[in-house]
Amino acid sequence: MSSLTPIVRDTRQRDIVAAVGQTVFNFTAFLIDPLDLVVLWRPDGASDFFSAAGYTVALISGGLSAAVTFATAPRPTADDPAVIVRLVGRRIGNRITDVTRGGALSSAMLERELDAVEITLQELRRDIDAAASLFSNSVTMRQARTWLASQSVAGLSAIYVIDQGMSADIADPLTIQWRHGATMVAGDALYAFIQSTLGLSSSQMGAAFVAMKGLAS
């Protein structure tokens with residue numbers, strides 16, 4: 001890192017619980033371009049984050065931090081469900097400028113390019129680690145459905161029981177994961193719903209999860 005742009009070890013991701021009426025959220029890490037920041041949100045009880053809309057990103061102190069301002073607060077009133085706003089640095093690599101001009105090396109421009117490389121590497125490490133964790137602790141929905149189809153509850157297929165227990169609201173996060181999701185992670189909302197609906201103990205659900213992982217994906 002340079003003395004002008006201190007870049008410390010960082011995942012470059014911030015999860016912020018939105019206060020009632022809060023419209024401004026701070027990303028406390030170096031940012032080169034406002035387009036390098038992805039803004040997501042998750043309502044209380046949901047397992048997945050969704051892309052946010054209706055916000056602007058402004059760099060502070062030359063990019064040492066950034067402010068995300070929503071036109072409408074993610075949680076307008078206390079009666080609205082809690083919301084987590086996730087700010088994620090996600091830079092797409094590109095050259096910023098020439099580091100040599102007329103044969104002269106610009107140390108400031110060179111530092112800028114090195115900063116861009118460093119934050120991109122940090123973000124890649126974060127995402128690779130997250131992907132590795134996900135796949136070591138998850139099953140595909142095909143594996144889950146195959147296992148459920150082989151089980152029965154009171155004479156009914158377990159997959160039918162789960163399907164009937166889902167909300168009819170197609171926008172419900174749990175329904176979306178069940179019908180269109182790619183994976184189920186141990187301990188997530190769908191995992192807990194299946195365990196509860198089938199009346200399984202923690203050890204029984206754990207054994208079921210292991211059995212799912214052993215099926216063809």
J.: Atom OH of residue position Tyr160 - does it have more than 12 heavy atoms of other residues, nucleotides or ligands inside 6.0 Å?
T.: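 Not buried by this count: 12 neighbours or fewer within 6.0 Å.
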J.: Please walk me through it: do Arg75 and Asp80 pass salt bridge (charged side-chain N to carboxylate O under 4.0 Å, His left out)?
T.: CA-CA 6 Å; Arg75 189 184 183 193; Asp80 293 301; over 6 Å; no
J.: What's the separation between atom CG in Leu40 and atom CD in Gln13, rounded to the nearest 0.5 Å?
T.: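 Spacing of CG (Leu40) from CD (Gln13) equals 8.0 Å.
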J.: Around atom CZ of Arg125, are there more than 12 heavy atoms from other residues, nucleotides or ligands closer than 6.0 Å?
T.: no
J.: To the closest 0.5 Å, what do you measure between CD1 (Ile170) and OG1 (Thr175)?
T.: 9.5 Å
J.: Would you give the length of the straight line joining atom CZ of Phe30 to atom CD1 of Ile119, rounded to the nearest 0.5 angstrom?
T.: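 Answer for the CZ-CD1 pair, Phe30 versus Ile119, is 6.0 Å.
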J.: State whether the number of non-hydrogen atoms from other residues, nucleotides or ligands found under 6.0 Å of Leu105 atom CG is greater than 12.
T.: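 It does: Leu105 CG has more than 12 such atoms within range.
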J.: State the CG-CD distance between Leu215 and Gln143, to the nearest 0.5 angstrom.
T.: 6.5 Å
J.: Roughly how far, to the nearest 0.5 Å, is OG1 of Thr120 from CD1 of Ile92?
T.: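 Reported value, rounded in 0.5 Å steps: 10.0 Å.
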J.: Parallel under 30°, tilted from 30 to 60°, perpendicular over 60°: which one fits the rings of Tyr55 and Phe70?
T.: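 Geometry flag for Phe70 against Tyr55: tilted rings.
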J.: When rounded to the nearest 0.5 angstrom, what distance separates CG in Leu64 from CG in Leu59?
T.: 9.5 Å
J.: Is the cationic atom of Arg145 (NZ for Lys, CZ for Arg) positioned less than 6.0 Å from the six-membered ring centroid of Trp178 and within 45 degrees of its normal?
T.: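 Because its charged atom sits under 6.0 Å from the ring centre and within 45° of the axis, Arg145 does stack over Trp178.
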